Student: 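Dumping the structure here so I can ask a few things about it.
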Number of protein chains: 2
Amino acid sequence: MCCIDTPKKIFGKLYQSVYFCGVMTKAERTRHFIVEKAAPIINKKGMAGTSINDIVEATRLTKGSVYGNFESKDEICLEAFDYLAKRVGADIVMAMSRANSNKDKLFALFEYYLAVVSQENTYGCPLLNFGTEADDTNPIVKQKVNKAILATENLIAKVVRSGIEAGEFKRSFDPETFSIKAFAMIEGGMWIARLQGNNKQLQIILDSLKQEIDDYCQ
Amino acid sequence: MCCIDTPKKIFGKLYQSVYFCGVMTKAERTRHFIVEKAAPIINKKGMAGTSINDIVEATRLTKGSVYGNFESKDEICLEAFDYLAKRVGADIVMAMSRANSNKDKLFALFEYYLAVVSQENTYGCPLLNFGTEADDTNPIVKQKVNKAILATENLIAKVVRSGIEAGEFKRSFDPETFSIKAFAMIEGGMWIARLQGNNKQLQIILDSLKQEIDDYCQ
DNA sequence: ACCATTTTATACCGATCGGTATATTATTGC
DNA sequence: GCAATAATATACCGATCGGTATAAAATGGT
């Protein structure tokens, strides 16, 4: 589904890299390009902490060019969150799809988070970063994060449910409780890992979740 | 230890409220007053999202007056975090001290977080708010949050440990693992509660922690 | 290859940012 | 109560903020 565009020289500047679809118009591709470059910066420095100039520098475009494709900084932030959330969601589904049993799907989810937290240029979970900033300031982002939380929890609950139906897990394994608990532990654990600068506590948290799953296996 | 100062009229403006100690100099009291007013704003809007003007308006002082007491906005943010973290810590110790058994101390901790999350003008846990913003931008705040995390976890672990020694909990109850896990769940749970606008999931998370404690009681 | 349309760069806007010099006012030690 | 000191308000600084008008340049349909 993806294709690579030849980098274009405009006014002597090299400014585009990878596009997701060749049938996009120029404007759509540039919009996507801007979001792609802005998203990690916003995830790192926050919405309030990121200036248009940061985005201009990262894209190597100009302010007029950025505002030719977006109404406002706010719109860029919204699309940046959507982009990051969609990517995380896709990566999780991908990681889980490779596992065969439902237990292994849950374990794959844990491994994904463990891998992502130590990755360079990732700057932590976008749900946590955007969520904590938005909860008292930006109701639109807040609602988007809220939906993403519920979606992730539902994903976990669904796996547990199909594990029960497949006879893999005991019937006493409560999908809703576990999904809520596991998600809170993962987000809390990733937050701690980033602040501590290591995965020690996150590892303990994920091991504890794995233990709980094993206890519910039959 | 606390005393109430008569509100002072200066240039016709009423600008001071409650001080913690009467032997403070005027400057010390004003510093404290500024921190007291700024802290909830910074906790709500973030360090980058809060302007000096926000603090000027909240204190009803002037910019020159604020900068007469602080070197920079950064210094205010640091003291605001210290103030909030210290207050949370003191409230937790207070809540726990009223309980007799170690189990009840842990339950009291949970109740504290449950109460705080629905409180007006609280704007969520300062550790989470400052921590997520600081982790990629402000190493000093990052370290402060880091220390506060460890302190809280140690507090939990200590209660579990003395519960084991008192014969209240089984020896299989691991203090370190539980404290890490419980803290991640609480922070994650509070974060979710604030975004969802209700305590439903936090309640489930805390109930799950209580269940685990009960399972380790003998 | 041309021309209408889209997209870009330049230059600029008023507002606000964090921060400061200074004069005025309040406090404090005596 | 007075002088020395501390704390405050006013006015202002350059830089940067988010955003825009406009003209030049690139794109795309024919």
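Values in this document were obtained by computation on a predicted structure and should not be read as measured data. Chain letters run A, B, ... following the sequence lines, proteins first and then strands; every chain starts at 1.
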Student: Within the structure provided, determine whether A:Leu155 and A:Met96 are in side-chain contact (heavy-atom separation under 4.5 Å).
Tutor: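 Side chain of A:Leu155 against side chain of A:Met96, heavy atoms only: contact under 4.5 Å found.
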Student: Which whole-number value in Å describes the distance from B:Ile55 CD1 to C:dC17 C1'?
Tutor: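 In whole Å, C:dC17 C1' lies 13 Å from B:Ile55 CD1.
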Student: Are A:Ile149 and A:Glu187 packed together at the side-chain level, in the sense that at least one heavy-atom pair is separated by less than 4.5 angstrom?
Tutor: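 A side-chain contact is absent here, since even the closest heavy-atom pair is not under 4.5 Å.
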Student: Would you check if A:Thr132 and B:Glu133 make a side-chain contact, meaning some heavy-atom pair closer than 4.5 Å?
Tutor: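 No. Closest side-chain heavy atoms not under 4.5 Å.
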Student: Which pairs with one or both residues in residues 86-97 of chain A pass side chain to side chain donor-acceptor pair (under 3.5 Å), sequence neighbours excluded?
Tutor: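 Listed once each, the pairs are A:Tyr83-A:Arg87.
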Student: What is the distance from NZ of A:Lys45 to C1' of D:dC17, rounded to the nearest Å?
Tutor: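 To the nearest whole Å, that distance equals 13 Å.
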Student: Given atom CD of A:Glu57 and atom C1' of D:dC17, what is their separation to the nearest angstrom?
Tutor: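 After rounding, the reported distance stands at 14 Å.
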Student: Going by number, which of residues 129-142 of chain A have a non-hydrogen atom under 4.0 Å from DNA chain D?
Tutor: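 Heavy-atom contacts with DNA chain D come from no residue of residues 129-142 of chain A; none.
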Student: Under 4.0 Å between a side-chain N or O of B:Thr62 and OP1 or OP2 of D:dT8?
Tutor: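 Negative; the distance criterion is not met.
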Student: Could you tabulate the donor-acceptor pairs under 3.5 Å formed by side-chain atoms of residues 44-57 of chain A, not counting sequence neighbours?
Tutor:
residue, atom, partner, partner atom, Å
A:Lys45, NZ, A:Asp54, OD2, 3.0
A:Thr50, OG1, A:Gly46, O, 2.6
A:Ser51, OG, A:Asn53, N, 3.4
A:Ser51, OG, A:Asp54, N, 3.2
A:Ser51, OG, A:Asp54, OD2, 3.4
A:Asp54, OD2, A:Ser51, N, 3.0

Student: End-to-end bend of the helix from C:dA1-D:dT30 to C:dC30-D:dG1 (five-pair axes, 10° rounding)?
Tutor: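 End-to-end axis angle for the helix from C:dA1-D:dT30 to C:dC30-D:dG1: 40°, rounded to 10°.
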Student: Does a nitrogen or oxygen in the side chain of A:Tyr67 sit under 4.0 Å from OP1 or OP2 of D:dG19?
Tutor: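 Yes.
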Student: Could you list the donor-acceptor pairs under 3.5 angstrom formed between side-chain atoms of residues 201-210 of chain B and any protein atom two or more places apart in sequence or on another chain?
Tutor:
residue, atom, partner, partner atom, Å
B:Gln201, NE2, A:Glu153, OE1, 2.8
B:Ser208, OG, A:Lys181, NZ, 3.2
B:Lys210, NZ, B:Glu111, OE2, 2.9

Student: Listed by chain and number, what are the salt bridge (charged side-chain N to carboxylate O under 4.0 Å, His left out) partners of B:Lys158, not counting sequence neighbours?
Tutor: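 By the salt bridge (charged side-chain N to carboxylate O under 4.0 Å, His left out) rule, B:Lys158 matches no residue at all.
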Student: Can you pull the ring-ring contact (aromatic ring centres under 6.0 Å, His included) pairs that have at least one residue in residues 37-62 of chain A, sequence neighbours excluded?
Tutor: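 Every pair satisfying ring-ring contact (aromatic ring centres under 6.0 Å, His included) with a residue in residues 37-62 of chain A: there are none.
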Student: What pairs of residues pass the ring-ring contact (aromatic ring centres under 6.0 Å, His included) test when at least one of them lies in residues 124-162 of chain A, not counting sequence neighbours?
Tutor: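 Qualifying pairs: A:Phe81-A:Phe130.
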Student: Which of residues 68-79 of chain B sit near DNA chain C, with a heavy atom under 4.0 Å from it?
Tutor: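 The stretch gives B:Ser72, B:Lys73 as the residues lying under 4.0 Å from the strand, ordered by number.
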Student: Enumerate the residue pairs fulfilling ring-ring contact (aromatic ring centres under 6.0 Å, His included) with a member in residues 133-158 of chain B, sequence neighbours excluded, ordered by first and then second residue.
Tutor: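 Sorted result for residues 133-158 of chain B: empty, none.
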Student: Answer yes or no: does a side-chain N or O of A:Thr30 lie under 4.0 Å from OP1 or OP2 of C:dT8?
Tutor: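 The answer is yes; a side-chain N or O of A:Thr30 sits under 4.0 Å from OP1 or OP2.
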Student: State which residues pass side-chain hydrogen bond (donor to acceptor under 3.5 Å, both in side chains) with B:Thr152; sequence neighbours excluded, sorted by chain then number.
Tutor: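 B:Thr152 satisfies side-chain hydrogen bond (donor to acceptor under 3.5 Å, both in side chains) with no other residue.
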Student: For the pair made of CG in A:Leu61 and P in C:dT10, what is the distance, rounded to whole Å?
Tutor: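 Atom CG in A:Leu61 sits about 12 Å away from atom P in C:dT10.
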Student: Enumerate the protein-to-nucleotides 13-16 of chain D contacts in which both atoms are nitrogen or oxygen and the separation is below 3.5 Å.
Tutor:
none

Student: Quick check: do B:Leu127 and B:Phe183 have side-chain heavy atoms less than 4.5 Å from each other?
Tutor: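 Of all side-chain heavy-atom pairs linking B:Phe183 with B:Leu127, at least one is under 4.5 Å.
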Student: Give the rounded distance in Å between these two atoms: CZ of A:Arg29 and C1' of D:dA26.
Tutor: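 Interatomic distance, CZ of A:Arg29 to C1' of D:dA26: 12 Å.
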